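To keep things clear, I will list the structure first and then write my remarks on it.
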Amino acid sequence: MRWLLLIVLLTGCSAIPLSSSAPQVDRVPTGTLDAATARTSLTALPVAAPGRMDGYARDCTDGKACVFGQPWFDTDGDGCDQRSQVLARDLTGVERKPGRCGVQAGTLDDPYTGSRVTGVSKIQVDHVVPLAEMWRSGASAWAPEQRLAAANDLRNLVAVSSKVNRSKSDKTPDEWMPPNAGYACSYGRIYVTVKAAYGLSVAPAERSALENALTTCG
């Protein structure tokens with residue numbers, strides 16, 4: 001009986017899940033390169049100093065045209081804008097707006113900080129490779145259609161807390177990395193995936209920071 005009790009206890013212990021508040025450090029969008037492929041792809045990226053920001057306009061204000069087109073454009077034509085798709089993908093306990101695809105409630109395990117965020121108003125969708133960085137590393141020469149597609153590429157979009165997204169802003173990996181060090185590998189993989197997919201260049205310091213991030217991959 002004593003042995004049976006021990007087996008039950010051990011079996012029960014092995015089935016206990018990790019705390020639901022634990023950070024999802026390995027969460028990456030579908031289509032993200034694995035670590036080995038990301039390392040190889042990084043070495044193949046052209047190395048160049050960042051280009052000029054002439055002509056760049058992120059916001060459609062004061063008569064300016066958004067150089068990356070309409071924000072959160074439904075590029076895949078499924079009737080749901082890209083921001084709503086990312087929120088539905090990355091949050092748990094998702095509640096949709098009545099009769100619409102928009103997300104009105106849900107909970108996020110923020111991969112950038114490892115903290116739990118409840119309330120859509122406290123959540124933003126980050127471009128892992130910032131649009132300004134895309135512009136200065138090659139996108140300034142693209143056709144408008146290609147910039148629109150890149151800005152709404154789900155591989156480059158991750159739901160995070162509003163506060164950490166504002167902290168990151170347009171910074172590159174040599175200037176900013178997620179405070180949650182356990183997400184460095186995933187962050188590096190996503191970043192390289194996007195740069196490689198669009199043939200964008202990397203600055204020397206940026207490349208070094210990405211190499212360091214990918215060394216954390218198991």
Side-chain angles (χ1 to χ4, degrees), residues 20 23-24 26-34 56-113 115-135 137-166 168-170 178 183 186-187 189-200:
S20 59
Q24 300 177 18
D26 60 344
R27 193 184 75 212
V28 295
T30 299
T32 301
L33 299 175
D34 61 56
Y56 176 76
R58 169 75 183 269
D59 299 319
C60 307
T61 57
D62 300 326
K64 295 179 181 178
C66 301
V67 296
F68 282 90
Q70 177 184 333
W72 311 127
F73 187 77
D74 178 21
T75 54
D76 48 16
D78 67 351
C80 193
D81 67 272
Q82 303 303 83
R83 181 178 185 275
S84 296
Q85 289 189 50
V86 174
L87 292 177
R89 181 195 70 191
D90 292 354
L91 274 60
T92 57
V94 171
E95 295 180 17
R96 300 276 191 175
K97 295 178 180 179
R100 300 169 59 188
C101 74
V103 175
Q104 66 179 4
T107 299
L108 172 72
D109 287 321
D110 180 7
Y112 283 7
T113 63
S115 61
R116 174 155 290 183
V117 183
T118 301
V120 174
S121 64
K122 301 176 184 177
I123 298 169
Q124 294 180 355
V125 175
D126 179 45
H127 289 86
V128 177
V129 179
L131 296 184
E133 171 55 25
M134 284 190 171
W135 180 265
S137 62
S140 61
W142 294 351
E145 295 79 10
Q146 186 175 5
R147 289 200 289 265
L148 177 67
N152 292 282
D153 191 330
L154 294 175
R155 294 173 296 181
N156 192 38
L157 302 176
V158 177
V160 299
S161 71
S162 299
K163 183 177 181 180
V164 77
N165 193 38
R166 289 192 294 267
K168 177 195 172 186
S169 186
D170 292 333
Y183 198 68
S186 298
Y187 189 81
R189 287 170 55 202
I190 298 169
Y191 200 100
V192 173
T193 294
V194 175
K195 284 263 177 166
Y198 293 98
L200 298 170

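One-based numbering along the sequence shown. As the structure is a prediction and not an experimental result, all values here were calculated from the model.
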Worked verdict on Val103 versus Arg96 for side-chain contact (heavy atoms from CB on, under 4.5 Å): CA-CA 4 Å; Val103 175; Arg96 300 276 191 175; 4.1 Å; yes

Looking at every heavy atom in both [X] and [Y], which two are closest together, and how far apart are they?
| X | Y | value |
| --- | --- | --- |
| Pro111 | Ala159 | CD-O, 3.7 Å |
| Tyr191 | Pro130 | CE1-CD, 4.3 Å |
| Ala149 | Tyr198 | O-OH, 4.0 Å |

CA sep, side-chain torsions, deciding dist, call: Lys122, Leu108, side-chain contact (heavy atoms from CB on, under 4.5 Å): CA-CA 10 Å; Lys122 301 176 184 177; Leu108 172 72; over 6 Å; no

Could you tell me the separation between the [atom1] atom of [X] and the [atom2] atom of [Y], rounded to the nearest 0.5 Å?
| X | Y | atom1 | atom2 | answer |
| --- | --- | --- | --- | --- |
| Ser84 | Arg100 | OG | CZ | 8.0 Å |
| Asp76 | Phe73 | CG | CZ | 10.0 Å |
| Arg166 | Ser161 | CZ | OG | 8.0 Å |
| Leu131 | Phe68 | CG | CZ | 5.0 Å |
| Gln104 | Leu87 | CD | CG | 12.0 Å |

Short side-chain donor-acceptor distance under 3.5 Å, Gln82 and Asn152: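 On atom types as modelled, these side chains do not qualify, holding no pair under 3.5 Å.
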
Under the 3.5 angstrom rule, does the side chain of [X] hit a backbone N or O of [Y] as a donor-acceptor pair?
| X | Y | result |
| --- | --- | --- |
| Asn156 | Val129 | yes |
| Arg189 | Val28 | no |
| Lys168 | Val128 | yes |
| Thr193 | Leu33 | yes |
| Arg147 | Ala139 | yes |
| Ser162 | Ile123 | yes |

pair [X]-[Y]: side-chain heavy atoms closer than 4.5 Å:
| X | Y | answer |
| --- | --- | --- |
| Val164 | Gln124 | no |
| Trp142 | Trp135 | no |
| Cys101 | Gln85 | no |
| Val158 | Arg27 | yes |

For Val160, the option from Val117, Asp90, Asp126, Val125 that meets side-chain contact (heavy atoms from CB on, under 4.5 Å):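 Going through the options one by one, the only one that passes is Asp126.
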
With Pro29, the side-chain contact (heavy atoms from CB on, under 4.5 Å) member among Val86, Ile190, Leu154: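 Running side-chain contact (heavy atoms from CB on, under 4.5 Å) over Val86, Ile190, Leu154 with Pro29 returns exactly one hit, Ile190.
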
Parallel, tilted or perpendicular: rings of Tyr187 and Tyr112 (30°, 60°):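 The rings of Tyr112 and Tyr187 stand perpendicular, inter-plane angle above 60°.
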
Evaluation steps, side-chain contact (heavy atoms from CB on, under 4.5 Å), between Ser115 and Lys163: CA-CA 12 Å; Ser115 61; Lys163 183 177 181 180; over 6 Å; no

Leu157 and His127: CA distance, side-chain angles, deciding distance, side-chain contact (heavy atoms from CB on, under 4.5 Å) verdict: CA-CA 5 Å; Leu157 302 176; His127 289 86; 3.4 Å; yes

Side-chain ion pair, Arg155 and Asp153, N-O less than 4.0 Å: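 A salt bridge is present here (some side-chain N lies under 4.0 Å from a carboxylate O).
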
